[in-house]
Amino acid sequence: MWTHDVDSNYFVFPEQSILNKHKKRKDALQKINDRDMEVVIDGLICHPHAHQHIESPIEKHEIRIGGGISNPFLFLFHLRYQLCPIKEKREHEKGRLMNLFKQSIVEKKRTVQPDSLMALP
């Protein structure tokens, strides 16, 4: 059994709110902070705005299967995160992603390589 949920505190993709907060794209890239990165990671992977919860046969409210994720690769990566049952590993992964994306922004990279994203040796 699944339930559909929409959390109004989370955004479909919050990039525009971050750009608005810092007024210009260039300023946003220079002033982006850890909270901004967390909002982006939550909106894309960890806590999508529209999602479903599994209620049966297991009750794990922390698992959110995102709705409206149009990029199939991002959806699969999202599932990789969501289906990890160990809280500490999920928190570590979120921190790793925040650092990875922040570093890419600082280095002005337009893409993150799949092996870095998937943490492959």
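This is a predicted model, so every value here is computed, not measured.
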Original post:
For the side chain of His78 and the backbone of Ile45, is there at least one donor-acceptor N/O pair under 3.5 Å apart?
Top reply: yes
**OP:** Indicate yes or no: at least one non-hydrogen side-chain atom of Asp42 is less than 4.5 angstrom from one of Lys94.
**Re:** yes
Original post:
Rounded to the nearest 0.5 Å, what separation is found between the SG atom of Cys46 and the NE2 atom of His51?
Top reply: 12.5 Å
Original post:
Do you know the tightest heavy-atom contact between Gly66 and Pro48?
Top reply: CA-CG, 3.8 Å
**OP:** Measure from the side-chain N and O atoms of Ser116 to the backbone N and O of Val112, and report whether any donor-acceptor pair falls under 3.5 Å.
**Re:** no
Subject >> Presence of salt bridge, Arg96 and Glu93, under 4.0 angstrom >> reply: yes
Original post:
Distance from Leu100 atom CG to Gln113 atom CD, nearest 0.5 Å?
Top reply: 10.5 Å
**OP:** Would you sort out whether Phe75 and Ile65 count as a side chain to side chain contact (heavy atoms under 4.5 Å, CB included), showing the intermediate values?
**Re:** CA-CA 9 Å; Phe75 181 73; Ile65 308 301; 4.2 Å; yes
Original post:
For Arg64, does its backbone N or O pair with a side-chain atom of Gln82 as donor and acceptor, under 3.5 Å?
Top reply: yes
Original post:
Is the closest side-chain heavy-atom distance between Asp34 and Met98 below 4.5 Å?
Top reply: yes
Subject >> Close side-chain approach of Phe101 to Leu117, heavy-atom, < 4.5 Å >> reply: yes
Original post:
Just by distance, do the side chain of Arg80 and the backbone of Met118 share a donor-acceptor pair under 3.5 Å?
Top reply: yes
**OP:** Treat each ILVMFWY residue as a node, draw an edge where side-chain heavy atoms are under 4.5 Å apart, and state whether Ile63 and Ile86 are in one component.
**Re:** no
Original post:
How many angstroms lie between OG in Ser104 and CG in Asn99, if you round to the nearest 0.5 Å?
Top reply: 10.5 Å
